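I have placed the structure first, in the form of structure tokens, so that the comments after it can refer back to it.
One-based numbering along the sequence shown. These numbers were taken from a predicted model, which means no experiment stands behind them. What you see below is based on every heavy atom in this structure, not just the backbone, and it leaves out hydrogens, waters and symmetry mates.
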Amino acid sequence: MSDEEARQSGGSSQAGVVTVSDVQELMRRKEEIEAQIKANYDVLESVSQKGIGMNEPLVDCEGYPRSDVDLYQVRTARHNIICLQNDHKAVMKQVEEALHQLHARDKEKQARDMAEAHKEAMSRKLGQSESQGPPRAFAKVNSISPGSPASIAGLQVDDEIVEFGSVNTQNFQSLHNIGSVVQHSEGKPLNVTVIRRGEKHQLRLVPTRWAGKGLLGCNIIPLQR
């Protein structure tokens, strides 16, 4: 493979869209060149050539051409190695550029996929919000005792409850639902969502025995549905 062929091959790879097959072909060519380089080194290192290598002189101490090696074969092998090493460098550059293009294209595709997935999720969420409307409360905090678990959690009088642990507008039937959740959650944090002056607030309430009555220290009343 000449330098001109390498440049032409590199140009055609950059002009079109690089594929995995292109990279595989470049890797095959790289391995082929490496095998040829090794074969030429084997010639230089062979017994018949006295392990002359790439740098051993080809003349004797008196300046005459050495008679113990095949000078033509040595020169040819050395020339081949130099040319093949240049070809190898050119192919490796093509491999690097091709892999870079593939990686960049994969990143672009991932970004597009993520953007489309985000757009679809937002569209679906917007559709659900429009169909369901704003969250509806099913109960309201009527009173709170100072120092109680409810007070510590940040509940306030007139907070409208949208979610209380696993209880929500969809499954709420009576205050017994809340009482059951509280009894089974003593010492465990409950996620409570309330509407306060038109804004949604997320609270963590831990039903706990305290100096007052009950595990919450607040009075909750159901709202008319």
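- Side-chain contact between Ile52 and Leu58 is present, with at least one heavy-atom pair separated by less than 4.5 Å.
- Looking only at side-chain heavy atoms (C-beta outward), Ile81 and Gln85 come within less than 4.5 Å of each other.
- Panel note: side chain Asn40, backbone Ile37; no donor-acceptor pair is recorded below 3.5 Å.
- Under the 4.5 Å side-chain heavy-atom criterion for Ile, Leu, Val, Met, Phe, Trp and Tyr, Val194 and Val181 are members of the same hydrophobic cluster.
- Side-chain contact between Asn80 and Thr76: present, with at least one pair of heavy atoms (C-beta onward) separated by less than 4.5 Å.
- Both Leu203 and Leu190 sit in one connected hydrophobic cluster of ILVMFWY residues. Membership requires side-chain heavy atoms under 4.5 Å apart, directly or through other members.
- Side-chain N or O atoms of Ser123 include none that pairs as donor or acceptor with a backbone N or O of Glu120 at under 3.5 Å.
- A distance-only check finds no donor-acceptor pair linking the side chain of Arg196 to the backbone of Leu155 [under 3.5 Å].
- Taking every heavy atom of both residues into account, Gln156 and Val141 meet most closely at O-CB, 3.5 Å.
- Using modelled atom types, one side-chain atom of Asn171 and one backbone atom of Ser166 make a donor-acceptor pair closer than 3.5 Å.
- Side-chain contact annotation: Asp22 with Thr19, donor-acceptor N/O pair under 3.5 Å present.
- With rounding to the nearest 0.5 Å, the separation of CD1 in Ile144 from CG in Asn219 is 10.0 Å.
- Every side chain to side chain contact (heavy atoms under 4.5 Å, CB included) that Met27 has, sequence neighbours left out, goes to Val23, Lys30, Val95.
- Side-chain contact between Pro222 and Leu175 is present, with at least one heavy-atom pair separated by less than 4.5 Å.
- Linking ILVMFWY residues whenever their side-chain heavy atoms come closer than 4.5 Å, directly or via other members, places Val157 and Ile178 in the same cluster.
- Contact record, His184 with Lys188: O-NZ, 4.2 Å, taken as the closest heavy-atom pair.
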Give every donor-acceptor pair under 3.5 Å between a side-chain atom in residues 108-118 and any protein atom, sequence neighbours left out.
| residue | atom | partner | partner atom | Å |
| --- | --- | --- | --- | --- |
| Lys109 | NZ | Asp113 | OD2 | 3.0 |

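- At distances below 3.5 Å, at least one donor-acceptor pair connects side-chain atoms of Ser148 with backbone N or O atoms of Ser151.
- Within 6.0 Å of the CD atom in Glu186, the count of heavy atoms belonging to other residues, nucleotides or ligands exceeds 12.
- Within the 4.5 Å cutoff, no side-chain heavy atoms of Ile161 are placed close to those of Phe172.
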Exercise for review: Would you please test Val74 and Arg66 for side-chain contact (heavy atoms from CB on, under 4.5 Å) and show each step?
Suggested key: CA-CA 11 Å; Val74 169; Arg66 290 176 57 172; over 6 Å; no
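- Here the closest non-hydrogen pair linking Val91 and Leu26 is CG1-O, 3.6 Å.
- Taking all atoms of both residues into account, the shortest heavy-atom contact from Ala139 to Ile220 is CB-CG2, 3.7 Å.
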Check your understanding: What do the steps show when you test Ile82 against Met54 for side-chain contact (heavy atoms from CB on, under 4.5 Å), and what is the final call?
Key -> CA-CA 10 Å; Ile82 292 171; Met54 289 291 290; 4.0 Å; yes
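- Atom CG of Leu84 sits about 9.5 Å away from atom CD of Glu32, to the nearest 0.5 Å.
- The closest side-chain heavy-atom distance from Pro207 to Leu216 is below 4.5 Å.
- Under the 4.5 Å side-chain heavy-atom criterion for Ile, Leu, Val, Met, Phe, Trp and Tyr, Val162 and Phe138 are members of distinct hydrophobic clusters.
- Proximity of Leu44 to Glu56: side-chain heavy atoms (C-beta onward) are nowhere separated by under 4.5 Å.
- Under the 4.5 Å side-chain heavy-atom criterion for ILVMFWY residues, a single connected hydrophobic cluster contains both Tyr41 and Ile33.
- Test Arg29, Gln36, Glu34 against His88 for side chain to side chain donor-acceptor pair (under 3.5 Å) and you get one pass: Glu34.
- Residues satisfying the side chain to side chain contact (heavy atoms under 4.5 Å, CB included) test with Lys200, not counting sequence neighbours, are Pro135, Thr193, Ile195, Gln202.
- Rounded to the nearest 0.5 angstrom, Ser180 OG and Gln183 CD are separated by 8.0 Å.
- Under a 3.5 Å cut-off, the side chain of Arg75 and the backbone N or O of Asp70 do not form any donor-acceptor pair.
- Taking 4.5 Å as the limit, every side-chain heavy atom of Glu163 sits out of range of all side-chain heavy atoms of Val192.
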Exercise for review: Determine, stepwise, if the pair Phe164 / Val182 fulfils side-chain contact (heavy atoms from CB on, under 4.5 Å).
Suggested key: CA-CA 9 Å; Phe164 193 100; Val182 170; 3.7 Å; yes
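- The two residues Leu205 and Ala153 make their nearest non-hydrogen contact at CD1-CB, 3.7 Å.
- Contact detail for Gly147 and Ile152: the closest heavy-atom pair is O-CD1, 3.9 Å.
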